[in-house]
2 protein chains.
Amino acid sequence: MPRTIGFAKHDHDDCVQTALARADMHCANAGLRLTPVRRRSLEILLAEHRALGAYDLLAHLSAEGLGAQPPVAYRALDFLVRAGFAHKIEALNAYIACAHLGVNHTPAFLICRSCRSVAETDTAPAQGRLGDAAKAAGFTIERTVVEAEGLCPACQPESAS
Amino acid sequence: MPRTIGFAKHDHDDCVQTALARADMHCANAGLRLTPVRRRSLEILLAEHRALGAYDLLAHLSAEGLGAQPPVAYRALDFLVRAGFAHKIEALNAYIACAHLGVNHTPAFLICRSCRSVAETDTAPAQGRLGDAAKAAGFTIERTVVEAEGLCPACQPESAS
DNA sequence: GCCCAGATGTTATAACATATCAATAGCACT
DNA sequence: AGTGCTATTGATATGTTATAACATCTGGGC
């Protein structure tokens, strides 16, 4: 059943299964342990395909008997973020499954302020003006946060002819 | 040439006074009220010259008898951010005085993970790859968050022998 | 004086995140 | 199998960031 994700429709079950399979493989290769709580957390994030707060995730998990205290959710999220399977959206204090799982990338996000949907894209911010400014200042960039807030196609004002 | 401020020495009293004067003028012109709590909050942010949490600001204010409850700090910060006198650093959940007060700009930040100092520079993220991605997706960008975490010049490892 | 909008005072609570310590499970090595 | 190491989980408590809600005050136009 296609549903809207990012901002485009696609076969969602398929994308969830593909991502999980990639995560399994990556963990096997890297010696990481995708334990039940971690795997289920990733699955939930993938299935929702939008930014979830840690307590939103926790609500899902506890409904399934996988843990009821905040650390359960935060530990799972920490693992997923470290492994590159999920990203934190700083502007929302929320978490989202990585849309380019397995691909090395520098994520950037388009966040709809109306429906809270989030699309992940890719940038090279450290190679543009920001990189120049950092270089001039003698600053070493280790990680970048690039997030754009605005309106997704579905939430644009209709008329505005 | 992007402006970067924050890792260099300068006449601090002077920069605080200049910024306050600009804020006074801007408020007068725009019909905004730079009340005592708001003005003092800006002064504190300017004087500290680093990112402060809302509760850090509140501690300063309450020590001076200017209010003791969280909303006091959040209201002042909200005003300052709306007026463009301060910015929120999303990656730190903290606030910093604007370094380019009065100049129209799209802020970006270099955040030292070691000493927590923050430099403000500017970017045009919506005109690069991010803008292209937004355009392709039909997304309208209203605000961007661009933050780089890393090490400032003073916190670089001395000699990678 | 009266009204109104914006600002402030105050209480309470929501939302997000981590410290700490004990118990357990997986794994390498003998 | 037994030992010891480390990662993970369980559980309690607490710390940190942010807002809801409602009462009160203040300044300016009429």
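In the text below, chain A, chain B and the rest are named by the order of the sequence lines, each starting its count at 1. The structure displayed is predicted, hence computed values, not measured ones.
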Under a 4.0 Å heavy-atom cutoff, the residues of residues 63-71 of chain B touching DNA chain D are Pro70(B), Pro71(B)

The correct set of residues in residues 51-58 of chain B placing a heavy atom under 4.0 Å from DNA chain D is Tyr55(B)

side-chain contact (heavy atoms from CB on, under 4.5 Å) partners for [X], two or more places apart:
{"X": "Asn93(B)", "result": "Asn93(A), Lys88(B)"}
{"X": "Ala108(A)", "result": "Thr121(A), Thr123(A), Val146(A), Leu130(B)"}
{"X": "Asp122(A)", "result": "His105(A), Thr106(A), Arg129(B)"}

- Query: Do the side chain of Glu147(B) and the main chain of Glu90(B) share a donor and acceptor less than 3.5 angstrom apart?
  - Reply: yes

From OH of Tyr74(A) across to P of dT14(D) the rounded distance in Å is 18 Å

Heavy-atom nearest pair, Cys152(B) first then Phe139(A), reads CA-CD1, 3.6 Å

Minimal heavy-atom distance between Ala97(A) and Leu42(A), with the atoms involved, is CB-CD1, 4.4 Å

Per nearest nucleotide of DNA chain C, the residue lying toward the 5' end, Lys88(A) or Arg75(A), is Lys88(A)

Counterpart residues, side chain to side chain donor-acceptor pair (under 3.5 Å), relative to [X] (two or more places apart):
{"X": "Arg75(A)", "result": "none"}
{"X": "Arg50(A)", "result": "Glu48(A)"}
{"X": "Glu64(A)", "result": "Arg40(A)"}
{"X": "Thr144(A)", "result": "none"}

The helix from dG1(C)-dC30(D) to dT30(C)-dA1(D): angle between terminal helix axes, five bp per end, to the nearest 10 degrees, reads 30°

Rounded to the nearest 0.5 angstrom, the CG-OG distance for Asp78(A) and Ser41(A) is 12.0 Å

In this structure, CD of Glu120(B) is separated from CG of Leu110(B) (nearest 0.5 Å) by 10.0 Å

Under 3.5 Å, which protein N or O atoms sit close to an N or O of nucleotides 4-8 of chain D? Give each pair with its distance.
from: dT8(D); atom 1: OP1; to: Arg38(A); atom 2: NH1; distance (Å): 2.8
from: dT8(D); atom 1: OP1; to: Arg38(A); atom 2: NH2; distance (Å): 3.3
from: dT8(D); atom 1: O5'; to: Arg38(A); atom 2: NH2; distance (Å): 3.1

Is any side-chain heavy atom of [X] closer than 4.5 Å to a side-chain heavy atom of [Y]?
{"X": "Leu34(B)", "Y": "Phe79(B)", "value": "yes"}
{"X": "Val72(A)", "Y": "Ser62(A)", "value": "no"}
{"X": "Phe109(A)", "Y": "Ile96(A)", "value": "yes"}

In the 5' to 3' direction, the nucleotides of DNA chain C bounding the stretch that comes under 4.0 Å of a heavy atom in chain A are dC16(C) to dG26(C)

